[in-house]
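Worksheet: one structure, shown below.
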Amino acid sequence: MAVPDRVLTNHDLEKMVDTSDQWIRERTGMFARRVSDDSTAASDLAFQASEKALAASNVSAEDLDAILVATVSGDYSWPATACILQKKLGAKNAMAFDLSAACSGFVYGLSIAQAYIQSGQYKNILLVGVDLLTKVVDWTDRNTCVLFGDGAGAVVIQPHEEKGVLCSELGADGSAADMLCVRCGGSRVPVTQEALDEKKQFLFMNGREIFRYAVRGMLQSCNKVLERTQKTIDDVSLIIPHQANTRILEAVAQKLGLSLKERFYLNIEKYANTSAATIPIALHESLEEGRLKQGDLAIFVSFGGGLTWGANLVQF
Ligand code: UT7
């Protein structure tokens with residue numbers, strides 16, 4: 001994982017917008033987030049996380065067959081941040097592309113990597129979840145600016161007879177695409193002075209509506225991966241969820257009949273919502289803290305813009 005050094009706390013935000021530490025903590029579970037400096041872009045954090053993932057898995061950059069970068073805040077609209085990362089790593093034998101599934105990007109990416117591995121097409125895949133949404137939030141809008149942080153997480157995926165992704169389940173509902181979006185910069189509304197005056201370059205979110213969808217989508221995804229593999233929730237040691245709001249996770253845990261503290265990994269307090277990076281960052285920290293052992297089953301589960309959602313059932 002990689003996060004910027006600069007820490008922005010709720011108390012710092014109290015000085016920037018009309019908010020309070022108490023509101024942010026109670027409504028979201030967040031306390032701090034990391035914020036990049038002007039010179040840092042997605043490929044920089046992705047590079048730091050990728051180098052660590054390659055070293056940890058004893059794979060050289062030249063061994064990589066494929067680089068997948070899940071992001072909605074890449075260095076540029078195009079070319080793909082994955083191509084910029086490929087150059088930085090010197091991974092000259094790898095194909096590279098970005099995938100856009102917002103906060104669900106890592107779960108989507110893992111499903112794609114799983115399919116490539118199962119088909120035998122690729123043997124060494126680097127998957128990165130990276131977002132720097134602090135670059136696209138309106139720092140005068142208390143509804144959104146308190147919620148996001150920057151970060152990256154990377155994994156190397158290889159074939160294995162027993163371990164790995166057992167099952168992935170993905171979903172989307174484009175009828176609610178306008179609930180969480182950046183409203184200019186694409187071919188629908190290019191960047192014009194008019195668009196900038198209307199603040200369309202910033203992240204827009206209908207948080208209250210998304211909240212309801214999120215609980216339903218995450219719950220449904222968990223249940224589907226269990227059904228499809230004929231497992232029960234009791235077989236699962238740890239759920240590593242997208243970290244958007246502790247209250248969303250409380251609702252999911254309650255509906256699954258689980259204790260949030262014991263069976264979910266939470267680090268939202270430290271990093272807030274890092275979009276596609278929340279799950280790989282949480283995975284890294286849960287491994288470091290010994291929350292996952294050989295033989296354990298875990299669920300990665302997410303929900304985000306698109307709308308998109310999904311889960312992976314993973315054998316460690
Ligand atoms: O990761 C991608 C997917 N995203 C999500 O899953 C996010 C889902 N949504 C949420 O997490 C929550 O809806 C939010 C945290 C975004 C908002 O929490 P909420 O409990 O749904 O609050 P609300 O939007 O219903 O707003 C309640 C009140 C409003 O005031 P009024 O209209 O009741 O007077 C807001 O203006 O809280 C106010 N408010 C704030 N007050 C202090 C909104 N943001 C703030 C703030 N500080 N930062």
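In this chain, residues are counted from 1 in sequence order. Read the numbers this way: they start at 1 and go in the same order the structure lists the ligands and their atoms.
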Under 3.5 Å between some N or O of ligand 1 and some N or O of Gly207?
yes
Under 3.5 Å between some N or O of ligand 1 and some N or O of Arg142?
yes
Parallel, tilted or perpendicular, judged at 30° and 60°: which one describes the rings of Trp309 and Phe303?
parallel
Mark yes or no: Arg208 above the aromatic ring of Phe211, with NZ or CZ under 6.0 Å from the six-membered ring centre and no more than 45 degrees from the axis.
no
Would you say that Asp44 contacts Lys88 through its side chain, given a criterion of any heavy-atom pair below 4.5 Å between the two side chains?
yes
Are Asp141 and Leu203 packed together at the side-chain level, in the sense that at least one heavy-atom pair is separated by less than 4.5 angstrom?
no
Under 4.0 Å from atom 47 (N) of ligand 1, do we find at least one protein heavy atom?
yes
How about Gln114 and Ser168: does a side-chain donor come under 3.5 Å of a side-chain acceptor?
yes
How does Val146 reach ligand 1, by side chain, by backbone, by both or by neither, if only non-hydrogen atoms under 4.0 Å count?
side chain
With a 3.5 Å cut-off and no angle check, do the side chains of Arg228 and Asn223 form a donor-acceptor pair?
no
Would you say atom 34 (O) of ligand 1 has a protein heavy atom nearer than 4.0 Å?
no
Taking atom CD as the centre, does Glu289 end up with more than 12 heavy-atom neighbours from other residues, nucleotides or ligands that are less than 6.0 angstrom away?
yes
heavy-atom search around atom 17 (C) of ligand 1 in the protein gives Trp23 CH2, 4.0 Å
Specify the protein heavy atom at minimum distance from atom 32 (O) of ligand 1: its residue, its atom name, and the distance to 0.1 Å.
Arg208 NH2, 4.7 Å
Counting only heavy atoms, which portion of Leu13 has something under 4.0 Å from ligand 1: side chain, backbone, both, or neither?
neither
Heavy-atom nearest option to atom 7 (C) of ligand 1, drawn from Met205, Arg212, Arg247
Met205
Among all the protein's non-hydrogen atoms, which is closest to atom 6 (O) of ligand 1, and how far away is it?
Ile248 CD1, 3.4 Å
Does the protein put a heavy atom less than 4.0 Å from atom 44 (N) of ligand 1?
yes
Would you kindly specify which portion of Leu147 sits under 4.0 Å from ligand 1, judged on non-hydrogen atoms: side chain, backbone, both or neither?
side chain
Between Val215, Ile210, Thr274, which one has a non-hydrogen atom sitting closest to atom 5 (C) of ligand 1?
Ile210
Heavy-atom protein contact below 4.0 Å for atom 29 (C) of ligand 1
no
Is the shortest N/O to N/O distance between Asn245 and ligand 1 below 3.5 Å?
yes
Considering heavy atoms of the protein only, find what lies nearest to atom 2 (C) of ligand 1 and give residue, atom and distance to 0.1 Å.
Cys103 SG, 3.2 Å
Heavy-atom count around Glu198 CD within 6.0 Å, excluding the residue itself: above 12?
yes
List the steps, then state whether ring pair (Phe, Tyr, Trp, His ring centres under 6.0 Å) holds for His11 with Phe31.
CA-CA 9 Å; His11 300 301; Phe31 174 67; 5.7 Å; yes
Going by distance alone, is a donor N or O of one side chain under 3.5 Å from an acceptor N or O of the other, for Tyr271 and Glu285?
yes
Is a side-chain donor-acceptor pair under 3.5 Å present for Asp131 with Thr71?
yes
Closest protein heavy atom to atom 27 (C) of ligand 1, given as residue, atom name and distance to 0.1 Å
Arg27 NH1, 3.6 Å
